[in-house]
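Proteins get letters first, then strands, A, B, ... in listed order; numbering begins at 1 in each. Just so you know, these numbers use all the heavy atoms, side chains as well, and skip hydrogens, waters and symmetry mates. Computed from a predicted structure; not experimentally measured.
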Number of protein chains: 4
Amino acid sequence: MKRSSIKHRAILDAAIEVADRDGYASTTIEAIAAVAGVGKQTIYRWWPSKSALFIEVYEDLVDRRLLTARTGNLSSELTELLQNLFRIYRQTPAGRVLVGLVAEASANADIRNVLSAGIVAGRAEIVTDLVRKHAPPIVGELPGIDPEIVNEVLVALVWKRLAIAPDRLDDEAAAEIAGIALAAARREGVL
Amino acid sequence: MKRSSIKHRAILDAAIEVADRDGYASTTIEAIAAVAGVGKQTIYRWWPSKSALFIEVYEDLVDRRLLTARTGNLSSELTELLQNLFRIYRQTPAGRVLVGLVAEASANADIRNVLSAGIVAGRAEIVTDLVRKHAPPIVGELPGIDPEIVNEVLVALVWKRLAIAPDRLDDEAAAEIAGIALAAARREGVL
Amino acid sequence: MKRSSIKHRAILDAAIEVADRDGYASTTIEAIAAVAGVGKQTIYRWWPSKSALFIEVYEDLVDRRLLTARTGNLSSELTELLQNLFRIYRQTPAGRVLVGLVAEASANADIRNVLSAGIVAGRAEIVTDLVRKHAPPIVGELPGIDPEIVNEVLVALVWKRLAIAPDRLDDEAAAEIAGIALAAARREGVL
Amino acid sequence: MKRSSIKHRAILDAAIEVADRDGYASTTIEAIAAVAGVGKQTIYRWWPSKSALFIEVYEDLVDRRLLTARTGNLSSELTELLQNLFRIYRQTPAGRVLVGLVAEASANADIRNVLSAGIVAGRAEIVTDLVRKHAPPIVGELPGIDPEIVNEVLVALVWKRLAIAPDRLDDEAAAEIAGIALAAARREGVL
DNA sequence: TCGTAATCGAGACGGTACGTCCCGTCTTTTC
DNA sequence: GAAAAGACGGGACGTACCGTCTCGATTACGA
C-alpha cells in the first residue's frame, strides 16, 4: 500500500524528531502523531506501544547509517565500527532511544525479548563476523578470541556509558572500548 | 524539624515490598505511602522523587547484606562477591530496582549524577580494593591488572544481564563475569 | 471535536446529586466524576472550575422549573414568582448552590463577573418585566415603582436569607419579601 | 494572662495583614501563624477554625472604628453610618472578610449561627436604635418605620453589593442604600 | 461520473498517577 | 513547662498521558 508506507515513514521521522527534541522518556505518542500529521490511532494500528515503535526507529537510524569498516587489523576495524556507531549517537537520538528501550525492557518482558532478539542478537553477527574474519577460532589448546564475548562486552560497555555518561562517547572511547572487549575475549592456550 | 526514623524505615520497607510485588516501574508513590501507612507528602518531604527514594532503597538492600569475601585468590574472591550480590538480586527486588534506576538515569541528568556518584563510584572501591589486595599494580613495563577496568566491565556486564536476562544471574554467571572482567583488565608488560 | 451531550447531562445530574447529598462546599469534582461515571478530565475539559460547572447547574435547575406567574396584581404575581423559586430551593440544592456561588464570587473576580452577568443580570428582566407590566413607570413627578430597585432588593433579601436562615424560605417569606421589595421601590411623586 | 493577650492581639493583627494581602479565601492559618510569630497550635488553642478567628477579626475591625453618627435627621444619620462602614471596608479587609464569612456560613451551620447571632443580630441595635430615636414606632393605624426591616434591607443590600461589586461602596452608594432601606420599611397607616 | 464504503484526522473519553496544597492533630525541641 | 517549629495522615486539587472509542471529512473504488 503506497499510502500506508508514506504514513509509516512520516511516523518514524516524527518519532525521531520528537525524541531528539524532548528526549525519549518525554516523548508522547500524541506528540509524534501531531508532528506526523496523523491520528493517534494510526500509530497504534501498526505498533502496540511506544517501545515497539522505537525499536523500529532505532533499527532505522542505525541500519541506514552504520557502514561496516573495511580494512585494517581486528582492533582498528572494531574501533572504526564503534566510531561510526558513536557518530550516529551524536548526530541522532539513537543513543538516547536505545537507553530508553533498555529502560523499558527492564519493566516489560515483551520488550525485553524483542530488544534482546532484535537489537542485541540481531546485530551480534556484525561484530562476531568481524572477529572471525581476523582471528582464528579457539581450537583445542590454542589461544584465540571468543567472538561472543567480544560482542557482549562491547554491548555492555556501550550501554553502561550511554546510561551514565552519554556525552563522552567519542573516538577515544571507541578505541578504549574496543581494546577492553578484545582483551576480555582473548583466551590463552594451554601450553 | 527532624524526620521520624520510624517513618523513614517504614517507607523504605514499604518501597521494597511494593517494588517486589509490582516491579519498579509500576511502583507508585501512592502505593508506597498506603503500605507504609503514611501520607504521600511525608515521602515527598524527604525524597524529591521516586528515583531518589529507590537509590536509598538500593543502598539499604545491598549495604545491609553484601558481605565481602575473605579468602582465596583474586578470581575466587571476585566470584564470591558477585555470587553474594546475585543472591541479593534473587532474594530482593534490588536488581529490578537497579535496572529501573539506570532506566531513569537515562532520562534525567540529576538521577544520572547521583546514581553514578553513589552506586557506581561509591561502590567501586569494594572491587578496586579487592583487586589491589591481590594483584600488583601496573608499574612500568610489568604486567598487571587495572582495577578500574575490572570494575567497569563488572558493572557493565551485570547491568546488561540484569536488563536482558535477569533470571540467569546465578553462581555460574558470577564466575563467568568475574573471569571476563579480569581478562579485560589484564595488561601485558612490554618485554 | 464535539462534547457528548449525554455526558454533559450526566455530569450536571451527578453534580446536582452530589451537591444535594454533601452540600456545595463539600462537593468535589472527583465525586461528581465518579457519580457521573466519567473521568475527571472530562469535566475539566468543559468547565474550568467547580464554580463554572455549578453556574450551569443552577441555571439548569431554575430555568427548567421556574414558571412565571400569570395573573393577578403585581404583588401577588411577585409573591407567586418567589414561591415558585423557594419551592425549587426546597426541592433541589439550587439554593445551597447559589449561596456557594456567591461565596466563591467573593474570592474570584471571574466568577463574580459571570455570576453577576448571568444569574443576576440575566434573570433581572423576569422581575423588571413583571413590574413594568403592572406599574406605570416613573414619569416626571408622578409616583411609580422602579423595577431595578425591586429586583435588587429582592435578590439581596433572598441571598441574605439563604445564607443566614435557609430553612425559612417558605410561602410566607415570599409574600414578606415581595412586600418589602415593592415598598422599597415605590417612589412618591412630588406634589 | 498578659502573655496570652499579647499573642492574641498579634494573631488578630497578623490575620488582618494576611487577609489584606492575600484575600480571605487564600488566607491560611499557617501564614497567619508565621506572620504572628506564633505556632499554629496557639491559634487553634483559641479558635476552632479560620472562620471563628475571622469573626473576631471582623468585630475588631468594625467595633474599633465605627463611630456612630450624632446629629441630623434619620436619613442623614443612616447615610453617615453607612459611609463610615464603607470607609472601613475601603481601608481594611473587613468587607472581604465579611463576604468570606457569609460564604462559609452557607456551608457550615455553626458559623451560620455565630455569624447571625454576632454580626447580624449583635449589630442590629445600632440601626434599630437609630431608627427608633427619630421615627415614631408603628402604633395602631398610624404610619411609621419598622426598624427591623430597615436593618434587614440594609444588611442584605450591603452584603449583596460587597459580593457582586465590592468596588462601588462609596458615599453615594451609602445614601442610595439608606434611602432604599427607609422606603422599604415605611408602613402606611390605614386611613 | 458518481455514489458509497473504507479510511483516517482529530480528539473526546475513562482511567491512573502525578506532585502540590492545606487542613487540623501530634511530636519534638528550644527557650 | 509552655510554646515555636514543623512533621504528620489525609484528601482534593488540576495536569499529563495512556490506550480506546467516536465522529465527520476525505479518499478511492466499483457501478
Pair L53(A)-W46(A), side chain to side chain contact (heavy atoms under 4.5 Å, CB included): steps then yes or no = CA-CA 8 Å; L53(A) 168 58; W46(A) 284 312; over 6 Å; no
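- Rounding to the nearest 0.5 angstrom, the gap separating the NZ atom in K50(A) from the CD atom in E104(A) is 5.5 Å.
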note = Quick tally for nucleotides 12-18 of chain F: nucleotides whose base has a protein heavy atom under 4.0 Å get B, sugar-phosphate-only ones S, the rest -, giving SBBBBBS
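- At whole-Å resolution of the value, CD1 in I6(B) and P in dA7(F) are 16 Å apart.
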task = May I have the step-by-step check of side chain to side chain contact (heavy atoms under 4.5 Å, CB included) for L115(C) and Y58(C), ending in yes or no?
result = CA-CA 10 Å; L115(C) 183 73; Y58(C) 182 82; over 6 Å; no
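- Atom pair R45(C):CZ and dA10(E):P shows a separation of 17 Å (rounding to whole Å applied).
- Taking atom CG on L53(D) and atom C1' on dC22(E), their separation rounds to 16 Å, with Å as the unit.
- Per the geometry, CH2 belonging to W46(B) stands 7 Å off C1' belonging to dA7(F), to the nearest Å.
- For the helix from dT1(E)-dA31(F) to dC31(E)-dG1(F), the rotation axes defined at the first and last 5 base pairs enclose an angle of 20°, given to the nearest 10°.
- Comparing S4(B) and G39(D) by the nucleotide of DNA chain F that holds the closest heavy atom to each, the one mapping nearer the 5' end is G39(D).
- The closest donor-acceptor contact from the side chain of N113(A) to the backbone of A109(A) lies under 3.5 Å.
- Residue W47(A) has no polar side-chain atom (N or O) positioned under 4.0 Å from OP1 or OP2 of dG19(F).
- Taking atom CD1 on I32(B) and atom C1' on dC8(F), their separation rounds to 18 Å, with Å as the unit.
- Distances shorter than 4.0 Å separate some side-chain N or O of T42(C) from OP1 or OP2 on dG14(E).
- Two residues are said to be in side-chain contact when any heavy atoms from C-beta on lie closer than 4.5 Å; L98(D) and Y89(D) meet this criterion.
- Of the inter-residue distances, the one linking I16(A) atom CD1 with T27(A) atom OG1 reads 11.5 Å to the nearest 0.5 angstrom.
- With respect to D22(A) and R96(A), no salt bridge is recorded, no charged nitrogen being found less than 4.0 Å from a carboxylate O.
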Under 3.5 Å donor-acceptor pairs involving side-chain atoms of residues 30-42 of chain C, not counting sequence neighbours:
| residue | atom | partner | partner atom | Å |
| --- | --- | --- | --- | --- |
| E30(C) | OE2 | K40(C) | NZ | 2.7 |
| T42(C) | OG1 | R45(C) | NH2 | 3.3 |

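- Rounded to an integer number of Å, the gap from H8(D) NE2 to dA2(F) C1' is 18 Å.
- Following rounding to the nearest Å, I43(B) (CD1) and dC21(E) (C1') show an atom-to-atom distance of 17 Å.
- Within the 4.5 Å cutoff, side-chain heavy atoms of L61(A) are placed close to those of P93(A).
- Following rounding to the nearest Å, K7(A) (NZ) and dG9(E) (C1') show an atom-to-atom distance of 8 Å.
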